[in-house]
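It should be emphasised that the depicted structure is a prediction, and the values quoted were computed from it without experimental measurement. Order of listing sets the numbers, starting from 1, for every ligand and every atom in it.
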Amino acid sequence: MFSLTELLSASTHPGYSRPCGFPALLLTAFLFCRIIKTVVKTFKYFFGVRFEVKGLENFEVEGPAIIVSNHQSILDMMGLMEVLPDDCVQVGKKELMYAGTVGLIIYLGGVIFINRKSTTSAKMVMAEVAKTMAADKVKVWVYPEGTRNCTGDLLPFKKGAFHLAVQAQVPVIPVVYSSFTTFYNPKKNLFTSGKIKVEVLPAIETKGLTSGDVSDLTDRCFRTMRETLFRLSGCPSEAKDSS
Ligand SMILES: CCCCCCCCCCCCCC(=O)SCCNC(=O)CCNC(=O)[C@H](O)C(C)(C)COP(=O)(O)OP(=O)(O)OC[C@H]1O[C@@H](n2cnc3c(N)ncnc32)[C@H](O)[C@@H]1OP(=O)(O)O
Ligand SMILES: CCCCCCCC/C=C\CCCCCCCC(=O)OC[C@@H](O)COP(=O)(O)O
């Protein structure tokens with residue numbers, strides 16, 4: 001079985017020997033992703049969630065990139081499908097792979113699985129991704145908070161996404177979703193209709209940066225995304241505090 005990542009890579013890598021029936025497999029993978037996107041995009045009508053998206057043109061960078069965004073809940077999967085570029089795979093925790101049908105869907109969708117409990121093995125996977133990004137010509141979507149967080153603020157960022165960007169020398173594109181707290185809180189059984197504002201921010205270049213610059217890059221991204229989160233969620237005073 002071939003994941004989307006392998007198929008995308010196979011389509012561009014000169015040394016790759018193509019499996020029998022390759023074009024059919026590639027077409028199937030693209031069709032599969034299209035179907036998942038189309039289906040998940042209809043969920044918003046059932047749940048009464050509206051999306052207001054700005055800055056989609058910022059995805060149009062040449063070549064691969066790392067996309068980083070805030071992660072509040074399962075609802076993000078609807079938000080993800082609203083804006084997900086066609087040439088993009090996600091980084092996810094390996095436990096998701098064993099989640100039955102959902103696991104199969106995301107495996108076929110090309111998700112790169114990492115073991116969050118082992119920094120060494122996660123770093124090895126990320127280093128491999130950095131090496132193959134250029135050949136694969138794919139964008140990689142990472143949730144730098146590393147876990148779901150529905151507090152209305154950001155958790156401190158993990159550094160993996162930024163190491164990946166620096167190692168591959170590709171830009172970082174931040175994406176921010178406004179806070180769901182006013183209309184969605186599973187602990188309080190609150191789920192009413194609401195609007196989610198999404199903003200794709202301008203790419204942050206990493207050309208010439210080295211591993212010594214990763215902390216600074218992480219901080220810059222964090223501050224920009226936090227300000228944007230508060231602005232989109234209508235908390236201007238907190239946005240001012242963070243700057
Ligand atoms: C259409 C398609 C259909 C398909 C369906 C699609 C739906 C898919 C939905 C999927 C949804 C999925 C949603 C989900 O599943 S979200 C959960 C899974 N995702 C993540 O966890 C991603 C974010 N995490 C990271 O990037 C972490 O950094 C990792 C896990 C890598 C390590 O975490 P850790 O906890 O250890 O913390 P740390 O970051 O403080 O790092 C510790 C130290 O290591 C250094 N370091 C870190 N990395 C690197 C590196 N690469 N090279 C060299 N060094 C590196 C780092 O500088 C630091 O050192 P120092 O600076 O303090 O000295
Ligand atoms: C009720 C709303 C419906 C939302 C739409 C769901 C559509 C699902 C269809 C296909 C895509 C399947 C992707 C499901 C992936 C679940 C991602 C997720 O949220 O994983 C949790 C992980 O990040 C962090 O885990 P922890 O917070 O550390 O534990």
- From Ile114, Ile74, Ile105, Ile106 - option closest to atom 30 (C) of ligand 1 by heavy atom: Ile114
- Item | Arg116 heavy atom under 4.0 Å from ligand 2 | yes
- For atom 4 (C) of ligand 2, the protein heavy atom that lies nearest, with its residue and separation: Ile74 O, 3.9 Å
- Item | 4.0 Å heavy-atom contact, Ile36 with ligand 1 | yes
- Item | Close approach of Phe47 to ligand 2, heavy atoms, under 4.0 angstrom | yes
- Which ligand 2 atoms are under 4.0 Å away from a heavy-atom of His71? 19 (O), 22 (C), 23 (O)
- Heavy-atom contacts under 4.0 Å between Gln90 and ligand 1: side chain, backbone, both, or neither? side chain
- Message: Suppose I only count heavy atoms of Thr147 and a 4.0 Å limit; which atoms of ligand 2 are within that range?
- Response: 26 (P), 27 (O), 28 (O)
- Check each heavy atom of Leu96 against ligand 1 and say whether those closer than 4.0 Å belong to the side chain, the backbone, both or neither. side chain
- Testing Met133, Lys139, His163 for side chain to side chain contact (heavy atoms under 4.5 Å, CB included) with Ile66, which one passes? Met133
- Using heavy atoms and a threshold below 4.0 Å, how should the contact between Val111 and ligand 1 be classified: side chain, backbone, both, or neither? side chain
- Query: Are any of the heavy atoms in Ala161 under 4.0 Å away from ligand 1?
  - Reply: yes
- Hey, is Lys158 touching ligand 1 through its side chain, its backbone, both or neither, going by heavy atoms under 4.0 Å? both
- Has Arg148 got any heavy atom lying under 4.0 angstrom from an atom of ligand 1? no
- Message: At under 4.0 Å between heavy atoms, is it the side chain or the backbone of Met126 that contacts ligand 1, or both, or neither?
- Response: side chain
- Task: Mark the output for Thr147 as yes if a heavy-atom distance to ligand 1 is under 4.0 Å, and as no if none is.
- Result: no
- Message: Once you restrict to heavy atoms under 4.0 Å, what part of Met77 touches ligand 1? Side chain, backbone, both or neither.
- Response: side chain
- Atoms of ligand 2 under 4.0 Å from any heavy atom of Phe43, numbered from 1 in the order shown, are 5 (C), 7 (C)
- Message: Consider side chain to side chain contact (heavy atoms under 4.5 Å, CB included). Of Val138, Val140, Val129, Val170, which one does Pro64 pass it with?
- Response: Val170
- Query: Do any N or O atoms from the side chain of Tyr177 and from the backbone of Asp76 form a donor-acceptor pair under 3.5 angstrom?
  - Reply: no
- Message: If you measure every N or O of Tyr143 against every N or O of ligand 1, does any of those distances drop under 3.5 Å?
- Response: no
- Item | Nitrogen or oxygen of Arg116 less than 3.5 angstrom from that of ligand 1 | no
- Item | Non-hydrogen protein atom less than 4.0 angstrom from atom 46 (N) of ligand 1 | yes
- Message: Under 4.0 Å from a heavy atom of Ile106: which atoms of ligand 2 are those, numbered in the order shown and with their elements?
- Response: 12 (C), 13 (C)
